[in-house]
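These notes concern the structure reproduced below.
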Amino acid sequence: MVGVLGAFAELDGATGAIEEIKREGFTDFDVYSPTIRHELEHAVHPPQSKVRVFTLVGGLLGVTFGYWMAIWSSEYWPLVVGGKAIASWIPYTIIGFEVMILVGGLSTVAAIFILGGLPRLTRTIGYDPRFSGGDYGVFVRCNADRAESVESIFRSHGAGEVRRER
Amino acid sequence: MSTTSGSSGLKRREFLKVLGATGAAAGTVGCSSDSVERLIPYLNHPDQTVPGVSNYYATTCRECAAGCGVIAEVRDGRAIKLEGNPAHPLNQGAICSKGQAALQGLYNPDRFRGPMMREGERLVPITWDRALQELNTRLDQAGPALANGVFINQHESGSFPVVLDQWLATRGIPGHLSYDADLNLGTIAAHRQAYGVAWPTIDFTQARLIVSVGADFLDDWGAAVPQQLNFADARAQLQNAPRFVYVGPRRSLTGLNADQWIPCRPGSELAIMQALGGTGTASIAQAAEAAGVEPTLLQGLADELRGAGRSMILAGTRGADAMEVALAAAALNQALGNVGVTILPGSPATAFERAASYADVRGVVEQMASGQVPVFFVRGANPAFTTPPALGFAAAMARVPFKVSFSSYPDETTLLCDLILPDHHALESWGDAQPVPGLIGLQQPTMDPVFNTRPTADLLLLLTGGGALSAAPLAISGATSPGVEVPGAAALGSQVVPAPAPGAVTTTPREHLYRDWLIGRIPGGAAALTSALQTGLIAGNVGQSAAAVRPAPAPVAALPAIAQTEGDFFFHIYPSPLLGTGSGANKPWLQELADPVSKIAWQTWIEIHPTRAWDMGIDNGDLVTITTGTGSVTAPAYLYLGIHPDTVAMPLGRGHTAYGRYAAGIGVNPLIAVPAAEDAQSGGLAYSVTKCRVTKTGGFDDLVTTEGSARQHGRGIAQAMTVAELMAPVTDDHGHDIPGVPSYEPLPGLRSPVAADAQGELADPDSKDKGMYDPQHWSKMASRRWAMTIDLARCTGCSACVTACYAENNIPTVGAPWQGRATSPLTWDERPGANIVKGREMTWIRIERYFEGGEDYGSNFDTRFAPMLCQHCGNAPCEPVCPVYATYHSPDGLNVQVYNRCVGTRYCSNNCPYKVRYFNWFGYGEPNRRQYAFPEPLNWQLNPDVTVRGKGVMEKCTFCVQRIREAEHRAVAEGRLVEADEFTTACAQACPSRAIVFGDAADATWSVAQLATDRRAYHVFGDLSTYTAVVYLKSIIHPGPATPVQA
Amino acid sequence: MATIARPYSDPAGQRPNVPSADIQLPAVKSYEQVDEEIIGTLRPTGKWFLGLGLAIFCMLIGAAAWTYQIYWGLGQAGYEPPVMWGVYIITFVFWVGIGHAGTLISAILYLFRAGFRTTIYRAAEAMTVFAVLTAGLFPIIHIGRPWKFFWLIPYPNWRLLWPQFKSPLVWDVFAISTYLTISTTFLYIGLIPDIAVLRDRETNPVRRQIFAVLSLGWRNSEREWRHFARAYLFLAAFSTPLVLSVHSVVSFDFAMALTPGWHATIFPPYFVAGAIFSGFAMVWTIIIPIRKWWNLQHYVTLNHLDATAKVVLFTSLVVGSAYFIEFFIAWYSNVPVEQEYFWNRVFGQWWWAAWIMLTCNMILPMSLFSQKLRRNPTWLFILSLFINLGMWFERFVIVVPSLSHEFEPWQWSDYAPSWVDMSFLIGSFGWFFMWFLLFIKQLPVVAIAEVKEIIPPKLRGTVDSHGASAHGGH
Amino acid sequence: MTRRRKWAAVPGLAVIAVIATLLSAYSGAQTAQQAGAAQQAGAAQQAGAAPAPLPTVDEVRASIDTVAERGPWAYSGASSPQGYAPEQPINFPHPVHVQGAGMNCLYCHFSANKAPDPGLPAVATCMGCHSIVATGSPEIQKLTQYWSDSLPIPWVRIHKVPDYVQFPHQRHVNGGVSCQTCHGEVQEMPRVFQYASLNMGWCVNCHVERQVRYDCSTCHY
C-alpha cells in the first residue's frame, strides 16, 4: 500500500482537493497536470525553483573557460598574426560569450534533470496516462488506515477515478 | 599520405631514395657517374658531392644563339636550377626565361628515349649499334652523290660547327647550314656591310635619345639579355636617362618600354628613315603619308634627333626591305656621329657570325625538290616548322631517300626523318661557344644523361675514328682563364681516354671523344680546362671552319611593296619574345608564362586596334579569320591599343603539329598565311610582306589572359614621376605629400619584423611571451626584416623573374589541355589554358602591365610594369583571419605560409589586398591525378628544398625562405652572421634588368636598406597600413618636347 | 508556457488585427481534441513518402558531388580567383539565416509573451535545428582539405597546436556549434511533455518503448513542470542573445575583412534582420502547406499568419534601409575603391543579381502593407518563395561582386558556379527537407502541451472558468 | 499497475551497451600494446643477439613519457610508428661496428655534420674492410653479392619525417645534439628500430627546451 491516486477531469476539482489534503496535514503528495497550470502551483505553493543557481554557475564557468582557453593557447605558442597582440582579449570576448551560452545552457538543462528528477526510468507508481491527456491527478502517499479519508476528499471534489496504489 | 600532408607523394624523398644509392654504385642516378663526378664545380665542393648539398657547374646556355654563361645547380645528380654566370661578359649573372626553361628541355617528357628508325610509317626504337651501322651503310651506299648532301644545324657558335664541317668533309658533303629562324638576318647583313661585324655592341647608357625602328632589342633583336642589362642601366640614370622613341606598326615589349610611340604602317619604315635622315627621296610629308601618322610626330622626332647629341637609331624590321632600312639606320648613325659612341663595332658580339640565311634554306629546298639530294641531316633546327608552308619544305624533304635527325625532340622536321640519333641536351654534353672575340664560353655536362642519347659530336668523332679531326687548333691569345685553382684539377687529365681505332664503332655509351678532342686543342690541356671550368670561360678564339661553301642559291626577284598588295589590313607577324619562332613551345614554363605584352598564354591571338575592331563588331575573344593570297588563319581577337589601326598582328611560336604534348595542337601558326618571301638583299625571311582581309568568323574563344583590368583606376600600384618632380627640392615637413620624398609613412614596418612593434605592442616590456619576437631573444631573429625593393625605372616587364620563381619554388603549370576541370560528370574542359581562363594560374610573382592614357585610343599612351608578389606585410591582413595559424608572421619579418597546416579556407586570399595568394585547386603535385603538373621526368627538376604542395592548400611567395635558411645554415656552420647581400632570391638573381633587390631592411649595410629610403620609394596601397616589406621605386617619365605624357 | 490568455471570444476566429498576445484558438475546445487532432497528423501518407524520397534523392546528388570534389579537388567548383568564396559560403549564410526565425519565435517571442508563437514555434524550431545542421556542413564542404576540418576545433594534440582564436572562422565554429547544441536542446526540452503524451497514447509496444525513453519518464508532475518552466525561461533568455550573436559572428566573416563591400560596421544588425526575414519566409514555406494538408487551419489561424507577416514586413524594411545605408556610406566615405565596387554592384556584371535582391527583399514585401494580402495564405506562400530566392541572392551579391572587384584591378575577375556547386545547393535542400519530413511524421509539429495551456481548462459548474484562471494565475 | 517497469527495459539495455563498448575499447588498446611488445620481443630474437641491449617496448615508452612530460598536452606516440624495427636486406649489427670496431657514426654517415642529409655509406665503403674482414659470414656474402652485381643495398628506411619537414642534420649535430637523442642508443641495437616518436610535439618540446627558434618556418617551407 503506497498511497491513493485521484484523477480529476476538472481543474478546480483538483485544486480544491489539493487544498483540502494540505489542510488535512498530508505533506507527501504528487500533483499531475497535462500542462502548466498556475492554479495548481498556487494550490501546492512549492518553494522557489533552484534552476537559476545552476544557470548562473554554468554561465560563469563557461565564460571563464572560454577566455582562459583562448588566452592560454595563444600564450602557449606565441605567434604574431597581423601585428596584433599575441593574446588580444577583445576578439576572445566572442569565444568567452559563446562558451558561456553553451555551458550555461547545458547546466540549465542539467538543472531540469537533477531538480525534476529526470530521467525517471522505473518508478511509475501513482501515475496514469490520462494525466498527459486531459485529466489532473493527485497522488497522496499514505498508509491504509488513512486512505479512506483521502479517498473521500477526492470524491468530494469530483474525482473521476480514485485508486489505491500498491 | 598525400591526403594528410600539405605536400604530395614524390619530391624530396625521391632524392633521398636516390641518396641511398648515391655513394653506392656507378650507373645509378647520382653524381658518381664518370661524366659528372670528377667535374670541377664552380663553388668549393671540388672532388665529391655531399648529399643534400648542391654543386654548381659553370656552363653555356644553348637556348638561343647568344651563348650566355649559366651556372647549373646540381643536387644529388640532378640539375635543378639554372642561374646566370656573374663572370660571363654577356649576361653578367642575369638569365632570361628561355634560359631558365632549358631545364624543361633537359627533362622534357617527350624527348626521344633513344635512337629510332623508320619502319614504314612508324618510328621504332633501335640500338645505337644498329643505328650507327645503318648510318654508315647508307652513307657508303650514297657514295659520290654525297656531294649533294645537306646538313642543317641549329645556329651556334663554338667548335662544334668546325668539327661538323670537318666530318662532312671526310664524307665529301659540303659544309653545313647554320640556321636559326629567330635571327634578324636583315639587320645582321646590314651590320656586316656597314660595320663589318654581325652585331656591334650597343651602349644605351651613352645615348641621350634612342630611336628604334622595329628593333625589338628587349624581345628577340640581337642578344636580349646583355642589351636589357645595358638598357636598364641607362634608364636607371633617371634624369640623365635617354629618351626612347619607338617607331613601328606594333608596340612590342620593347615598344612598351618607349617613352613615345610613333605608329607606322608596315613597309613605311624605309620612307621614315629617309625622311628622318633627310637623305633619299621621301620627305617628312610623304613618309607620314606612307606611315599613316601625323607629320608633326615625324617632324618632332627629326628635330629631336638633330638636337639630341649622342643618340642611336636602331632598325630591325622584318619586311622585304629589312636590310635597306637597317642600312639607312646605319647611315643615319654615321651621319649623327653615333658610331663608336653608342654603336660600338669595335667590341662586337660574335654569336651571330656565319649564320646561314633563309635564302640558303630555300636553295636547299629547291635542291631537294629536284631530287638530287641523297641524304639530309638536321640537328636542332626545325625548318619544316619555321619556314612558311608555302615554301614546301616538307614536300621537298619527302624526295630525299635518307633523312637523319640528331634532334632530341619529336619536332616537325625530325618526324619526317628515317633515322633519329638523339643528341644529348646541352646540359649533358661538352662544348664551347664564342660570345665575344677573345673569350670562349665552355659547356660541360652537369649530370648523367637522362635518356639513352649520345652527343652528336662524339658520334661524329667516333664515325671518323677519334683523333682524325684535330686541325685548326684554337687560337689562344695567351691569357689564362680567370678561374681559381682548386685541388683535384689534375684528376681531369687522368680521365682522358684514348681515341678508339679509326672506323671502330664502340658501343660504350660513355666515351668523351669530344671532350678529349677539346682538351687536345687547349694549350695546357686538361689542367687549363679544369681551372677554366671554374668560371666556364677561357681566353681564346674558336678556329674557323675550312669547309667547302655551299653553292649560293639563285637570287629571287624583289617583291612588290607591301602597300601594293591586296587586302584591307597590313598583316604583321613577329616572333614571340618567349617562344621565339617555336623552339620554346614544348616547355610548359614558357607556354604558361603570359606574353609580356598581351598577357596571353597557351594560345595564339590576333592583335587588332579597338577602333577598327568595334567597327567590325569584333570584341576580345571573337574568332577572327585572316585571309591572304597564300592562306588563312583563325584565332581569337585581342584588342590592343599598341597597334597601328591599319594593321593586324600575330605572334609566331605556337601552332605546332608535333613537338610533344605541350606544343602539339596548341595555338595556330600564322606562317600558314604568309607567302614564302625573302628580303632579296639579305636573304632573310620576310614576315611583313602582304596585306590581308580580316573577317569575323562568328565563333568565340575565351582569351587565355591573366589580365583583369588593364587600367589602374587611379590606385597607384605602378607609380611614376616626372623628372621635374624628381628634381624638386625636398622639404622634410610631412614630406610624403611632396614629390620626390619617400611617399610612405610606415617605415617602422620595415625597421622591425613586426609592424606592431612600431605601435608599441611588442615593444611593451610588460607584454608577455614575446618569445622569438623579443629583440632580446638570443637568436636575434627579431632584429632582421627581410625586404625587397623593385625599381620600376629598371623593370622592362620581361618576366624572367616569373620563370625563375617557377623553377625555384616547384610551382606547377596549370594550363595544359588535360589540367582543366570537369564541365559535366562526363566531360572535361580540354581547352589549352582552361584553368588560366578561370584565373587559376599559380604565378607567385606576376608582372602587371597597366596602360596610362590613351583613353582616346590614340598612340599616346604610357605603360607601367609592376611585378606583384607577396608584400610580406608587417600588418598582414591575411594572417589574423586564418583559423589554424597556417599563415603567421615570423620573427624575421616573413609572412609565412605553412602548407601542411593549411586547411584551405581561402579566407587569407579574400583578405589580401594584393591578391598574391594562390590555391591548389587540383592535385597538381599528385601523380595519380590527371592535373599532375610534373610528368616523369619533369619531376626530376623539382627543388628538394621546397615542398610540393598538395591539393587544397594555399601557397604564395615565401621570399625564397629556403634560400634564407640555407644561408643561415652556412653562416652558422662558419660561425658568423649572414653577411650583407650574401644571397638573394631567385627572382632577384635572374632579373636581367637588376630591378629587384632583396635583403635585410633593418640592417643598413644591406643595399636594400638604402634603396628603401630612396626618394622614389613607395608602398603599394600604403594607406591600408599593411606595412609592406616590398618597396617600389617610381619609374621616371621622359616627356618629349612634342608629346605631353601624363604623370 | 507563460502566455496566459486574457478572456476573449472570437466566434469566427477571423477578427482582423488581433493584438498578437490575444490570439486564441476558438475552434479548439478540449484537451482531448488537441491530442486527437495533433497525434492524428503523425500517420504517414503516400504524399509524405513521395516527398521524403525526393528529398533523399536530392541529398544523394549532393553526397555524390562531395565525393567527386574531394577526390579531384576544389577546382571542380566554379571558383575563379580572386573569387575564392562562392556558392558554398553563400548557401552557408543562407541556411544559418533560415535558422534564426525558429529561435526568434521560440525564444524571443516567448520572452515577449507573443501569443501567436504557440502553434507555430515547434515547426519553426525544428526548422532551425535542421537548417543549422545543413549550414554546418558547408564550412566543411568549402575548405580545401575537409579531412582536416577538426583542426579548427581546440583539443589537446601532439602537435601542440591550437586554433587561432582571432580568426572569425574559429568564432564561426564556436557560434554555430553552440547554436546547434542549444537549439537542439531547446527543441528537445520542449518536446519532452509531448513525447510523454505520445507515449501514453501509443499502442504499438515498440514505439511506446522508444517514446518512453525519449520522454525520459516525464510524468507531468507539478514538480517537473515547475523546474521545467524556469529552465525553459532561462534557455529562452540564453537563446535570445545567442541568436543575435550567431549571425553577427557570421557577418564578421565579412565585416572583419578589408574587402570593399564587406568592411562595414552595419553588417551585424543588417545580417540579423536579414536572417529573421528569410527565416520567417521559410516558416511560411513550411507551415502554410502543412496547415492546409493537415487541416490545422484552426490551430495556425489567419491571425497567426497576419502577425508573422507584420514581422516579415518590419524586417524587410530594416534590410531595405540597410541596403541604402551601404550605398550612402560608400558615397559618403569618398573611398574610390568602395564607390567603384558599389557602382559595380548594381550596374556591373552582376546587376541582375542585385536587382533580384532588391525586388524580392524590398519591393515585393511592401505588399504586406495590405491587410488583405497579409491574411491571404496563397500570396504569403508565393511571397515566401520569392523572399528565399531574394535572400540567397543577397548573399551572392555580398560575396561574389566584392571579391571579383577588389583593390587590385589586375586581378578583377568573373565567376560562374559549376555543376558541382549546383549539386551541393540541391543537396542541401534535400538534406534539410529529409530531416524535416522525418521529423513531422514522428513528433508533433504543433506543441500539444502549449496549445492545451492557452485553451480554457475544464471546470466544475460551481466556479466559472475565468474565475479559476484569474484566481490561479498571476 | 500493469505498465510498471516496462519503461526501464530499453534505457537499461542502452546503458549496458555503452559500458560494454567502453570496456571492449579499453581492452582492445591493451591487446594492441601487448602485440607491440610481442613484435619487439620477436625482433630481438630474430636479431639473434643478447636480449639485453635491445630496450623493451616498455623502456622505449618510458623514455618517451619523460619526453612527453616536458609540455602540457604533449602526450606522445600519436600516429607514429614508434618502435618500428623492420628486417634489413643485410642484418647490419651496429654494436659490432661501434662498440667492437670502435667506429664513429660519421665514418659511414659521412655528411651528417655538413649536410641536411646524413648520408649512407657506399657499398665500396663496406667493401673497404669486408673484402678482408669476416668474408665468411653469410651476411657479408650478401654484401659481396651486391658489390659484384654493382647494386646498391636497398636498406629499409626507419626514421622518416614527413616530406614537408626540413630537417638539416648538420644544424643538429653541430649544435650539440647527439645522434642518440633522436635515434636512441643505436650502438646497442642489434637491429635498429624507431626510437623516438618523431612527431611534432616531440620536436617542438626539444626546441623549446634548448631555446632554439621554434616558429613554423624553422622546419616547414
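Each chain gets a letter, A, B and so on, in the order the sequences are listed, and its residues count up from 1. If you're wondering where the values come from, they're calculated on a predicted model, not measured in any experiment.
Highest contact tally toward chain B, considering only C/Gln164, C/Gln411, C/Lys166, C/Arg159, is held by C/Gln164 [criterion: heavy-atom pairs under 4.5 Å]. Ranked by heavy-atom pairs under 4.5 Å with chain C, the first of B/Arg711, B/Met954, B/Lys599 is B/Lys599. In terms of heavy-atom pairs under 4.5 angstrom with chain B, the leader among C/Trp412, C/Phe165, C/Trp171 is C/Trp412. In terms of heavy-atom pairs under 4.5 angstrom with chain B, the leader among C/Phe149, C/Tyr415, C/Trp262 is C/Trp262. Of the listed residues (B/Gly820, B/Gly923, B/Pro825), the one with the most heavy-atom contacts under 4.5 Å to chain C is B/Pro825. Comparing B/Ser709, B/Ala710, B/Gly952 by heavy-atom pairs within less than 4.5 Å of chain C, the highest count is held by B/Ser709. Contact tally against chain C (heavy-atom pairs below 4.5 Å) for B/Ser824, B/Gly839, B/Pro880, B/Pro883: the top residue is B/Pro883. Interface remark: of the candidates C/Pro336, C/Pro260, C/Ala77, C/Ala77 forms the most heavy-atom pairs closer than 4.5 Å to chain B. Annotation: maximal heavy-atom pairing with chain C below 4.5 Å, among B/Cys912, B/Cys882, B/Ser909, occurs at B/Cys882. Note: C/Pro82 leads C/Ala64, C/Ala416, C/Pro82 in heavy-atom pairs under 4.5 Å with chain B. The residue among C/Asp414, C/Asp253, C/Val420 with the most heavy atom pairs within less than 4.5 Å of chain B is C/Asp253.
A donor-acceptor pair under 3.5 Å links the side-chain atoms of C/Gln76 to the main chain of B/Ala822, judged by distance alone. Distance alone, capped at 3.5 Å, is enough to place a donor-acceptor pair between the C/Thr259 side chain and the B/Asn910 backbone. The main-chain N or O of C/Pro409 is never found under 3.5 Å from a side-chain atom of B/Gln712 such that the two would form a donor-acceptor pair. With hydrogens and angles ignored, the 3.5 Å screen pairs a side-chain donor or acceptor of C/Trp410 with a backbone N or O of B/Thr706. Of the possible donor and acceptor atoms, one in the side chain of B/Arg929 sits under 3.5 Å from a partner among the backbone N and O of C/Tyr71. The closest donor-acceptor contact from the side chain of B/Lys838 to the backbone of C/Gly78 lies under 3.5 Å. Of the possible polar contacts, one joining the C/Arg145 side chain to the B/Asn900 backbone as a donor-acceptor pair under 3.5 Å is found.
Using a 4.5 Å cut-off between heavy atoms, B/Phe922 touches chain C through backbone and side chain atoms alike. With a threshold of 4.5 angstrom between heavy atoms, C/Phe150 does not approach chain B through any atom at all. In this structure, chain B has no heavy atom under 4.5 Å from any part of C/Tyr88. Interface remark: B/Ile847 contributes backbone atoms only to the contact with chain C (heavy atom separation under 4.5 Å). If you measure heavy-atom distances from C/Ser413 to chain B, you find no contacts under 4.5 Å at all. Both the backbone and the side chain of B/Arg849 have a heavy atom closer than 4.5 Å to some heavy atom of chain C. With a 4.5 Å cut-off on non-hydrogen atoms, B/Pro913 touches chain C through its backbone and its side chain both.
For the pair C/Met84 and B/Arg917, the minimum side-chain heavy-atom distance is 4.5 Å or more. Using a 4.5 Å heavy-atom threshold, the side chains of C/His142 and B/Arg906 count as touching. Counting heavy atoms from C-beta on, the side chains of C/Glu406 and B/Tyr914 never come closer than 4.5 Å.
Take C/His263 and apply the ring pair (Phe, Tyr, Trp, His ring centres under 6.0 Å) test, not counting sequence neighbours, and it matches no residue. Every residue meeting the ring pair (Phe, Tyr, Trp, His ring centres under 6.0 Å) condition with B/Trp921, not counting sequence neighbours, appears here in chain and number order: B/Phe919, C/Tyr79.
B/Tyr850 and C/Glu408 get closest at one heavy-atom pair: OH-OE2, 3.9 Å.
Within a 6.0 Å radius of CH2 in B/Trp818, other residues, nucleotides and ligands contribute more than 12 heavy atoms. Enclosure of atom CZ in C/Phe327 by more than 12 non-hydrogen atoms of other residues, nucleotides or ligands within 6.0 angstrom is indicated.
Between the NZ atom in B/Lys951 and the CD1 atom in C/Ile70 there is a gap of 9.0 Å [rounded to 0.5 Å].
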Stepwise side-chain contact (heavy atoms from CB on, under 4.5 Å) check, B/Arg715 with C/Glu340: CA-CA 12 Å; B/Arg715 297 184 183 184; C/Glu340 230 170 307; 3.1 Å; yes
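Annotation: cation-pi pair B/Arg821/C/Trp72 absent, no NZ/CZ under 6.0 Å from the ring centroid and within 45° of its normal.
Remark: aromatic rings of B/Tyr907 and C/Trp85 are close, center separation under 6.0 Å.
The side-chain contact (heavy atoms from CB on, under 4.5 Å) test with C/Leu169 is passed by exactly one of B/Val881, B/Thr905, B/Val903: B/Thr905.
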